[in-house]
A.B. asks: 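Sending over a structure as structure tokens; questions will come in a sec.
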Amino acid sequence: MDQVFKALADDTRRRLLDRLHEQNGQTLGELCERIAMTRQSVTQHLAVLEAANLISTVRRGREKLHYLNPVPLQEIQERWIDKFERPRLRALGDLKRRAEEAMSDKPSYVYVTYIASTPERVWDALTDADLTAVYWGHSNVSDWRPGSRWEHVRTDGSGVADVVGTVVESDRPSRLVTSWAAPEHEGEPDRHSRVTFDIRPHADIVRLTVTHEDLDGEDELRAISAGWPAVLSNLKSLIETGSPLPQEPWLVPGR
């Protein structure tokens, strides 16, 4: 257990475990791609993790694949966490998150809809480029791996992306988090907003919650408050009936 705590005390080693949690079975080269460190240093960190039994390795030809071993972490949870009341800890975490959100001067928007479908089909409708083109008028293009770039590309053949961003979290089929920015502001993180898709089973249907945070003022809030209901209604129609709405909602003049 001492070796486990020593291994977890280092931020780089925790990030290596995060990378393996996102995608198990990576080579040294793949792990080095997202760590600003030499191969030799990463190798040393991996050796510490392996000594603590937090990772295991398997040879495949000339490659050495690294796998996360969750058993020591489970033992820590059973010894140090499960003895406390989980609901109380969860409530404190929610309170902290809400307090931090209340301190932000940037508005947020939340929309909830219920869809007669499965979480997997809803996830695919949000991430498949061909499906998004049908109900959104744009193709959402990415490999949807954490850290990857994504684009919201027009379907008129121009190849123009009206929104770009980064995949922050990707946990199919339950949770997708992306940053959003105009292409000209891609290199300015303080100009990015953040969209979270929470997809949860709700009896025999699906509850989809879309949260758009860090909006740039009330004008942007008004714009997305009209945009998200239109897009998600079109998505719901496509999934439940096989066709989007007969008219694109955002093109119908307001009454």
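This structure is a prediction, so every number in the text was calculated from the model and none was measured.
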A.B. asks: Do the charged groups of Arg15 and Asp11 touch, with an N to O distance under 4.0 Å?
C.D. replies: yes
A.B. asks: Mind checking whether Val141 and Val134 sit in one hydrophobic cluster, side chains of I, L, V, M, F, W, Y counted as touching below 4.5 Å?
C.D. replies: no
A.B. asks: With a 4.5 Å heavy-atom cut-off, do His138 and Val153 have their side chains touching?
C.D. replies: no
A.B. asks: Indicate the atoms forming the closest heavy-atom contact of Ala52 with Ala7, along with that distance.
C.D. replies: CB-CB, 4.0 Å
A.B. asks: So Leu46 and His66, do their side chains get closer than 4.5 Å, heavy atoms only?
C.D. replies: yes
A.B. asks: Once you round to the nearest 0.5 Å, how far does CG of Leu215 lie from NE2 of His212?
C.D. replies: 5.0 Å
A.B. asks: Does Ala129 offer a backbone N or O that forms a donor-acceptor pair with the side chain of Ser139 under 3.5 Å?
C.D. replies: yes
A.B. asks: Could you tell me whether Asp198 and Arg175 have a side-chain N and a carboxylate O separated by less than 4.0 Å?
C.D. replies: yes
A.B. asks: What closest approach, in Å, do Asp162 and Pro183 show between heavy atoms, and which atom pair accounts for it?
C.D. replies: O-CD, 3.5 Å
A.B. asks: Can a salt bridge be assigned to the pair Arg149 and Glu151 using a cut-off of 4.0 Å between side-chain N and carboxylate O?
C.D. replies: yes
A.B. asks: With a 4.5 Å cut-off on side-chain heavy-atom distances among I, L, V, M, F, W and Y, is there a chain of contacts connecting Ile224 to Tyr111?
C.D. replies: yes
A.B. asks: Answer yes or no: is there a donor N or O on one side and an acceptor on the other, between the side chain of Thr241 and the main chain of Leu238, under 3.5 Å?
C.D. replies: no
A.B. asks: Please report the shortest heavy-atom distance between Trp123 and Ser174, naming the atom on each side.
C.D. replies: CE3-N, 4.3 Å
A.B. asks: Does the pair Asn140 and Trp150 meet the rule for a side chain to side chain contact (heavy atoms under 4.5 Å, CB included), with working shown?
C.D. replies: CA-CA 7 Å; Asn140 289 345; Trp150 80 279; 3.5 Å; yes
A.B. asks: Yes or no on side chain to side chain contact (heavy atoms under 4.5 Å, CB included) for Leu54 and Leu68, after CA distance, side-chain angles and deciding distance?
C.D. replies: CA-CA 6 Å; Leu54 286 165; Leu68 174 66; 5.5 Å; no
A.B. asks: May I ask you to test the Thr118-Arg121 pair for a side-chain heavy-atom distance under 4.5 Å?
C.D. replies: yes
A.B. asks: Tell me, with the steps shown, if Thr178 and Thr166 meet side chain to side chain contact (heavy atoms under 4.5 Å, CB included).
C.D. replies: CA-CA 6 Å; Thr178 59; Thr166 301; over 6 Å; no
A.B. asks: Please examine the side chains of Gln23 and Leu20, heavy atoms only from C-beta on, and report whether any two atoms are closer than 4.5 Å.
C.D. replies: no
A.B. asks: If you compare all heavy atoms of Trp144 against all heavy atoms of Thr127, which two are closest, and at what distance to 0.1 Å?
C.D. replies: NE1-O, 2.9 Å
A.B. asks: Is it true that a side-chain atom of Arg154 and a backbone atom of Gly159 form a donor plus acceptor pair closer than 3.5 Å?
C.D. replies: no
A.B. asks: Do the non-hydrogen side-chain atoms of Trp180 and His192 ever get within less than 4.5 Å of each other?
C.D. replies: no
A.B. asks: Evaluate the side-chain proximity of Gln26 to Leu65: yes if any heavy-atom separation is below 4.5 Å, no if none is.
C.D. replies: no
A.B. asks: With respect to Leu208, which candidate in Ile115, Ile239, Val112 satisfies the side-chain contact (heavy atoms from CB on, under 4.5 Å) definition?
C.D. replies: Ile115
A.B. asks: How long is the straight-line distance from CG of Asp130 back to OG1 of Thr155, given to the nearest 0.5 Å?
C.D. replies: 11.0 Å
A.B. asks: Using the rule that Ile, Leu, Val, Met, Phe, Trp and Tyr join whenever any side-chain heavy atoms are under 4.5 Å apart, tell me whether Val122 and Leu176 fall into a single cluster.
C.D. replies: yes
A.B. asks: Rounded to the nearest 0.5 Å, what separation is found between the CG atom of Asp10 and the CG atom of Leu17?
C.D. replies: 10.0 Å
A.B. asks: Cut-off 3.5 Å, side chains only: do His45 and Arg13 have a donor facing an acceptor?
C.D. replies: yes
A.B. asks: Is there a donor-acceptor contact under 3.5 Å from the side chain of Glu30 to the main chain of Thr27?
C.D. replies: yes
A.B. asks: Hydrophobic clusters here meaning ILVMFWY residues chained together by side-chain heavy-atom distances under 4.5 Å, can you tell me if Leu16 and Tyr67 are in one?
C.D. replies: no
A.B. asks: When you compare the side chain of Val4 with that of Leu8, does any pair of heavy atoms fall below 4.5 Å?
C.D. replies: yes
A.B. asks: Can you find a side-chain donor-acceptor pair between His185 and Arg191 that sits under 3.5 Å?
C.D. replies: yes
A.B. asks: Drop me the distance from Glu169's CD to Thr196's OG1, to the nearest 0.5 angstrom.
C.D. replies: 7.0 Å
A.B. asks: Minimum heavy-atom separation for Arg62 and Arg59, please, with both atom names.
C.D. replies: O-NH1, 3.8 Å
A.B. asks: For residues Val210 and Leu126: do they belong to one hydrophobic cluster (side chain heavy atoms under 4.5 Å, members Ile, Leu, Val, Met, Phe, Trp, Tyr)?
C.D. replies: yes
A.B. asks: Between Pro72 and Asn69, what is the shortest heavy-atom contact and its length?
C.D. replies: CD-O, 3.4 Å
A.B. asks: Can you check side chain to side chain contact (heavy atoms under 4.5 Å, CB included) on Ser148 and Arg145, steps first, answer last?
C.D. replies: CA-CA 5 Å; Ser148 293; Arg145 295 173 57 180; 3.7 Å; yes
A.B. asks: Please lay out, stage by stage, how Arg207 and Thr209 fare under the test side chain to side chain donor-acceptor pair (under 3.5 Å).
C.D. replies: CA-CA 7 Å; Arg207 183 178 192 265; Thr209 303; 3.1 Å; yes
A.B. asks: For the OH atom of Tyr114 and the CD1 atom of Ile205, what is their distance to the nearest 0.5 Å?
C.D. replies: 7.5 Å
A.B. asks: Check whether any side-chain heavy atom of Leu28 lies under 4.5 Å from a side-chain heavy atom of Lys64, and answer yes or no.
C.D. replies: no
A.B. asks: Under 3.5 Å, is there a donor-acceptor pair between the side chain of Thr43 and the main chain of Arg39?
C.D. replies: yes
